[in-house]
Visitor: 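Got a structure for you, written out below as structure tokens; questions coming shortly.
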Amino acid sequence: MKQGSYDFQAIERRWRRHWQDEKTFRTLGPGDAGFDPQKPKCYVLDMFPYPSGAGLHIGHPKGYIASDIYSRFKRMQGYNVLHPMGFDSFGLPAEQYALEHNVHPAVTTESNIQTIRSQLEFLGLAYDWDREIATSRPDYYRWTQWIFLQLYHAWYDPDRVWTDAAGRTTRGRARAIESLEAEFASGTRKMTPVDRDTAGDRDWSDLNRTERQTILNNYRLAYQQDMMVNWCPKLGTVLANEEVTNEGRSERGDYPVYRRPLKQWVMRITAYGDRLLEDLDDTGMPDGHGGTFSLDWPEPVKLMQRNWIGRSEGAAVDFQVLHPDTGEPVSDLRVFTTRPDTLFGATFMVLATDHPLVNPENPDCLVPAQWPADTNERWQGEVPAGSVSEALSAYAAQSQAKAEPVANNAEEKEKTGVFSGLYARNPVNGEHLPIFVADYVSMEYGSGAIMAVPAHDERDFAFATRYGLEIRPVVQAPPGEDQTCFTGEGTSVNSPGSGASPFAINGLPTREAQERITAALETAGLGCFMVNYRLRDWVFSRQRYWGEPFPLAIAEDGAVLPVEPPVLLPEMEDFRPQTSDDPDTPVQPPLSRAPESWRTIKVAGEWAQREFNVMPQWAGSCWYYLRFIDPHNEATFCDETRQQYFMPVDLYIGGAEHAVLHLLYARFWHKALFDLGHVSSPEPFHKLFNQGMITADAFQDSRGVYVDIREVEVREGEPYHATTGERLTRSGGKMGKRFKNGLPPEEVGTEYGVDTLRLYEMYMGPLEASTPWSMEGIRGMQRFLQRVWRNLVDAAGELRIGGELTPELDRLMHRTIQRVSADLEGLRLNTAIAALIELNNELVGETDVPAELARNLLLMLAPFAPHMAEEIWERAGFQTGSIFVQQWPQADPSRVVAEQIELPVQVNGRVRGTLRISPDATEEQVRQAAMSMDNVRRYVADPAHIRRFVYVSGKIVNIVV
RNA sequence: GCCGAAGUGGCGGAAUUGGUAGACGCGCUGGACUCAAAAUCCAGUGAGGGUUACACCUCGUGGGGGUUCGAGCCCCCCCUUCGGCACCA
């Protein structure tokens, strides 16, 4: 390499090492020597990666580069920037990877972490590596376990009204479980009917340990329940819904998945449904240091969260089930409806196949042995059956099979069902309605039972049509709307009119009718206003090895005994899950095969068996942003003063694939920690930004096998295999190992330079957009950097700094400072780079660059191309010390204004010329000048008769004739 | 089916949010340097018309309509692509 040429490899190697050795990007917090409390803080966070064995490809670091640029920029603006990185290293993929390579996951995980960390370091990312964390390390997961225990020891008091630091009044708060026990003990809180199932008519003080626990379990934020889960026998584990494909098979391995009830640990996230919804838009949340904030999130993400929570208002209505023999009302059947105004249009009822009322094992089951006389044959199911119960269970089995493994697809739209032989009494008009069992009603939403109003619900309509049930319209559609099965809002008809009935709603618009009838139901004790959520409680158990063990043990009497964390994962030779082809095999988590010495433990003098499930992968990522603030604290999960100082996260960058689950789970934990006094803001992430993907063409040969992009040759726009010459097919999309279309960043960085790679990834388009990678495009950025180098360094390696700023260059410089600063703040990195290119292009051909301009150019370039900027900065000797401890340049607005501006002149909205004029010119002066232009006169027939003269100051002239 | 985002030159994309559409980059064309190539530099580059040359003109932001002095941007209808949800009562 010649002395004066841009030797990016040497430069990048040198500064990479320098920053590491000098710990240039170490962040100080409260309590650290040298910490300056006067500096404003800025917490810039990336969604941390999952350390896969394949390592990163050039698509992965897009968001990391952006956050790196932003955090370097903020640092230069004088902020105390916290910009950490870590690894989300527990989870099924690590376990699978370890199985495939026959190495313990603890080993593979750590070596994968090494790989990825070195890749991130290669990219020159300014992380404070002293704060690195990995969710699978005991010093981290002991605190995940600790937080679990906080949730276990807490209950949600929906009636608690309280005021937070910003003066917001909230109803509902998590509280210590002891407070609930005390309320039960003193009798200030009454047990619910569900609690009475356990307690009978005894008082709290008469209950034994397990009975009390059973009742408390109904309230805890982390509780145990038999849940219908997605059981994959072939993987030997329960899967989350998002790990199951639309075809009802496992995402990983494509094995069948079955629905099956299993006792699981569950998080009561539904308790926070309203607050998770409301705080998306709350504008006055306390930030923990005296101010307030609101979520600055992409609107589509907020919307997805709202839809996921799926709050819907309606009414709970109690119908009475009639005894099949006596006809007497014997039990209540509660339904949820969003349309209580259509109560008079209900003509039948539908239960979920697994509703307790039709479960023969349930003592309250009323299903008669025989169908009532004259029962329509079509109501009796497709399979001939001896008794009603048999018909029902045959139907349930059939729909389970049809839905087997898990029906997510809409193909089976057909509404089928079987009559239960039972009738219910409509509470508002006394009508007897046949009760059906059908698989279009799910036990998991509402109460698992509905009143069917076929005239105003498409599903009920389809069912009624099929089984010949009455369709009775009770809502008049507005004129012009289709009256058949009208589901919108209109006017109530065919219902009681004004008069004696408390349910008189005839003639009322839908909303009013709903309010009226709900109030009347409430008065009559037949129902009440009710809110339902689509959101379900969060199944928190996994039957795997590579996850956080629960800090719990089960005593001989079944009582749950908390165990002080850390509960370390036991060393196990064979950590494979028990797999099988049989969906009914007993569920045996790997930890059940752990050594005896681990499986049993003495808790407070009592022998108990440990919990064998582990936590889901989401657990570690629910709070990692807190641990970064205080990663080595052995006394607590995060020091309060430090937490208060750094939270909330100012900028959180990551992919849109986490728009719902991760962000919702993390918000939920954070709110619970907030309620319990462990954190000081109700939301963790102030500004959220979703970066787009880098896409790439993928190539397949005639057998459909993907061909590595390095093996592809493009001739005349058509792809061919470089060695075999075979013509290939091209498809665009995600970059990934599967498609063989991703390149490791080291490969590209070594060939073109890391600064070039960084610049190109940011220049491809807006950060939020997905854009295709191009090997030609990256050359443009390399040229740009080389041009910067040549403008500042001559062939002999001497700096070309000197001379005086011309007014034009001075103006351009200030204008560029303005543009780059504003674009950086708004993460419009592509246009910021364009502005830098424009400035640099102006310097091409100059013999030397005035010092002030060179300085500012380097400062502005530094966040984007840190290695080069640091190198020239040092050579120029403007100031001692890293360029990243220098002040970001300030634009002087007064020096941006030009003496003359170009003013487009339109006639009838079409540009007919451009006027050069002082920006201070009066409208009259502009008018004079415009009217004297040749091309304007050509289009203005009669200058005396102008219909209108539009002058937008400094922008445009439009003459309307 | 419902909800959301987006459609701009050969390509990636800009457009101060209603004010000269196409900044900047890639590619391409021509030129300089070179024995030659690469690299670099200079010039050009939306389409069509027009001029000896300059002017200049017409069309043009997925399609169709509208509001406005003026629309890529606002309103209505439609088409396409991508993302989310999918019997949620």
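Below, read A as the first sequence line, B as the second, and so on, with proteins coming before strands; counting in each chain starts at 1. Computed from a prediction, not measured in an experiment: that's the story for all the values here.
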Visitor: For Asp460(A), answer base if it contacts any base atom (sugar-phosphate contacts may also be present), sugar-phosphate if it contacts only those atoms, and nothing otherwise; contact means non-hydrogen atoms under 4.0 Å.
Guide: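 If one applies the 4.0 Å heavy-atom cut-off, Asp460(A) turns out to touch nothing in the nucleic acid.
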Visitor: Classify the nucleic acid contact of Glu458(A) as base, sugar-phosphate or nothing, counting any heavy atom under 4.0 Å across all strands shown.
Guide: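 Glu458(A): no heavy atom of the nucleic acid under 4.0 Å.
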Visitor: According to a strict under-4.0 Å criterion, is Arg912(A) in side-chain N/O contact with OP1 or OP2 of C56(B)?
Guide: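 It does not, given that no N or O in the side chain of Arg912(A) lies less than 4.0 Å from OP1 or OP2 of C56(B).
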Visitor: With rounding to whole Å, what would you report as the distance between C11(B) and G84(B) at their P atoms?
Guide: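 Looking at atom P only, C11(B) and G84(B) are 27 Å apart.
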Visitor: Measuring only the C1' atom in each nucleotide, how far is C78(B) from G7(B)? A whole number of Å is fine.
Guide: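 Pairwise C1' distance, C78(B) against G7(B), rounds to 14 Å.
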Visitor: Return no unless some side-chain N or O of Arg534(A) is found under 4.0 Å from OP1 or OP2 of A86(B).
Guide: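 Yes, within the criterion.
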Visitor: Taking the nucleotide of RNA chain B with the closest heavy atom to each, which residue, Arg790(A) or Ser774(A), is nearer the 5' end?
Guide: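 Closer to the 5' end of RNA chain B: Ser774(A).
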Visitor: Please state the C1' separation for the pair A14(B) and C24(B) - nearest whole angstrom.
Guide: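 Here A14(B) and C24(B) have their C1' atoms 7 Å from each other.
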Visitor: Answer with yes or no whether Arg536(A) presents, from its side chain, a donor or acceptor under 3.5 Å of a partner atom in the base of C88(B).
Guide: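 Flag set: donor-acceptor pair detected.
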Visitor: Closest approach to the side chain of Arg787(A), judged atom by atom: which nucleotide of G25(B), U58(B), C3(B) is it?
Guide: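 The answer is G25(B).
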Visitor: What nucleotide among U20(B), C69(B), C87(B) has an atom nearest to a side-chain atom of Val911(A)?
Guide: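 So the nucleotide nearest the side chain must be U20(B).
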Visitor: Measuring from the side chain of Lys955(A) (C-beta onward, heavy atoms only), which nucleotide among G12(B), G19(B), C88(B) has the closest atom?
Guide: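 Selected nucleotide (nearest to the side chain): G19(B).
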Visitor: Relative to the 5' end of RNA chain B, which residue comes earlier, Ile778(A) or Tyr939(A), by the nucleotide with the nearest heavy atom?
Guide: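 The residue closer to the strand's 5' end, by nearest nucleotide, is Ile778(A).
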Visitor: I want to verify a distance call: between C41(B), A23(B), G19(B), whose nearest atom is closest to the Val952(A) side chain?
Guide: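 Between C41(B), A23(B), G19(B), the one nearest the side chain of Val952(A) would be G19(B).
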Visitor: Students often mix this up, so state it plainly: with edges at 30° and 60°, are the rings of Phe463(A) and Tyr467(A) parallel, tilted or perpendicular?
Guide: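 Tilted.
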Visitor: Taking syn as within 90° of 0 and anti otherwise, name the glycosidic form of G9(B).
Guide: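 G9(B): syn glycosidic orientation.
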Visitor: Salt bridge check: are Glu299(A) and Arg306(A) linked by an N-O gap of less than 4.0 Å?
Guide: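 Salt bridge between Glu299(A) and Arg306(A), a charged N being under 4.0 Å from a carboxylate O: yes.
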Visitor: In whole angstrom, give me the gap between the P atoms of G22(B) and U45(B).
Guide: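 Rounded to whole Å, the distance is 12 Å.
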Visitor: Suppose you measure atom C1' in A15(B) against the same atom in G19(B); what distance do you get, rounded to whole Å?
Guide: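 Nearest-Å result for A15(B) against G19(B) at atom C1': 11 Å.
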Visitor: Counting only side-chain N and O atoms of Arg910(A), is one of them less than 4.0 Å from OP1 or OP2 of G70(B)?
Guide: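 So the side chain of Arg910(A) is outside the cut-off, no N or O lying under 4.0 Å from OP1 or OP2 of G70(B).
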Visitor: Does a side-chain N or O from Thr831(A) land closer than 4.0 Å to OP1 or OP2 of A23(B), or not?
Guide: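 Checking A23(B) against Thr831(A), no side-chain N or O comes under 4.0 Å of OP1 or OP2.
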Visitor: Look at all strands and tell whether Tyr951(A) reaches a base, only sugar-phosphate, or nothing, counting heavy atoms closer than 4.0 Å.
Guide: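 If one applies the 4.0 Å heavy-atom cut-off, Tyr951(A) turns out to touch nothing in the nucleic acid.
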Visitor: Between G48(B) and G9(B), how far apart are the two P atoms, rounded to whole Å?
Guide: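 15 Å, rounded to whole Å.
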Visitor: For G25(B) and Tyr763(A) - does any side-chain N or O of the residue sit under 4.0 Å from the phosphate oxygens OP1/OP2?
Guide: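 Looking at the OP1 and OP2 atoms of G25(B), neither is under 4.0 Å from any side-chain N or O of Tyr763(A).
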Visitor: Please classify the nucleic acid contact of Asn532(A) as base, sugar-phosphate, or nothing, using heavy-atom distances under 4.0 Å.
Guide: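 Nothing, no nucleic acid heavy atom in range.
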Visitor: Measure from NZ or CZ of Arg667(A) to the centre of the six-membered ring of Trp297(A) and say whether it is under 6.0 Å with the direction within 45° of the ring axis.
Guide: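 Yes - Arg667(A) lies over the ring of Trp297(A), closer than 6.0 Å to its centre and within 45° of its axis.
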Visitor: Base, sugar-phosphate alone, or nothing: which one does Val441(A) contact when heavy atoms must sit under 4.0 Å apart?
Guide: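 Contact class for Val441(A): base.
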Visitor: Taking atom types as they are modelled, is there a donor-acceptor pair under 3.5 Å from the base of C88(B) to the side chain of Tyr533(A)?
Guide: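 Result: no qualifying N/O pair found.
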Visitor: Considering only side-chain heavy atoms of Glu776(A), which listed nucleotide, C87(B), G27(B), G4(B), is closest?
Guide: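 Of C87(B), G27(B), G4(B), G27(B) is nearest to the side chain of Glu776(A).
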Visitor: Taking only the C1' atom of each, what is the distance from A5(B) to G62(B) in whole angstrom?
Guide: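 Here A5(B) and G62(B) have their C1' atoms 16 Å from each other.
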Visitor: Nearest of G25(B), A89(B), C57(B) to any side-chain atom of Tyr445(A)?
Guide: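 When the side chain of Tyr445(A) is considered, A89(B) is the closest of G25(B), A89(B), C57(B).
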Visitor: I need the single residue from Asp341(A), Thr337(A), Thr342(A) that forms a side chain to side chain donor-acceptor pair (under 3.5 Å) with Arg339(A). Which is it?
Guide: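 When Asp341(A), Thr337(A), Thr342(A) are each tested with Arg339(A), the side chain to side chain donor-acceptor pair (under 3.5 Å) holds only for Asp341(A).
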Visitor: Quick one: label Arg783(A) by what it contacts on the DNA or RNA (base, sugar-phosphate, nothing), any heavy atom closer than 4.0 Å.
Guide: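 Touches sugar-phosphate only.
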Visitor: C26(B) phosphate, OP1 or OP2: any side-chain N/O from Arg779(A) under 4.0 angstrom?
Guide: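 Checking Arg779(A) against C26(B): no side-chain N or O falls below 4.0 Å of OP1 or OP2.
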Visitor: Under 4.0 angstrom, heavy atoms only, what part of the nucleic acid is Gln906(A) near: base, sugar-phosphate, or nothing?
Guide: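 Here Gln906(A) touches the bases of the nucleic acid.
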Visitor: Between Leu469(A) and Phe436(A), is any pair of side-chain heavy atoms under 4.5 Å apart?
Guide: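 Counting from C-beta outward, Leu469(A) and Phe436(A) do come under 4.5 Å.
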Visitor: Mind checking if Val950(A) touches a base, just sugar-phosphate, or nothing, with heavy atoms under 4.0 Å?
Guide: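 Counting heavy atoms under 4.0 Å across all strands, the contact made by Val950(A) includes a base.
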Visitor: Mind checking Asn841(A) for me? I need base, sugar-phosphate or nothing, with any heavy atom below 4.0 Å counting as a touch.
Guide: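 Sugar-phosphate, no base atom in range.
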Visitor: Just checking Ser312(A): base, sugar-phosphate only, or nothing, at a heavy-atom cut-off of under 4.0 Å?
Guide: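 Result for Ser312(A) = sugar-phosphate.
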Visitor: Are any of the side-chain heavy atoms of Ser774(A) and Tyr760(A) separated by less than 4.5 Å?
Guide: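 With C-beta onward as the side chain, the pair touches.
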Visitor: With P as the reference atom in both, quote the distance from G1(B) to G65(B) in angstrom, rounded to an integer.
Guide: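 One P to the other, the span is 27 Å.
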Visitor: Nearest to the side chain of Pro772(A), heavy atoms from C-beta on, is which of G4(B), G12(B), C69(B)?
Guide: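 Closest of the options to the side chain of Pro772(A): G12(B).
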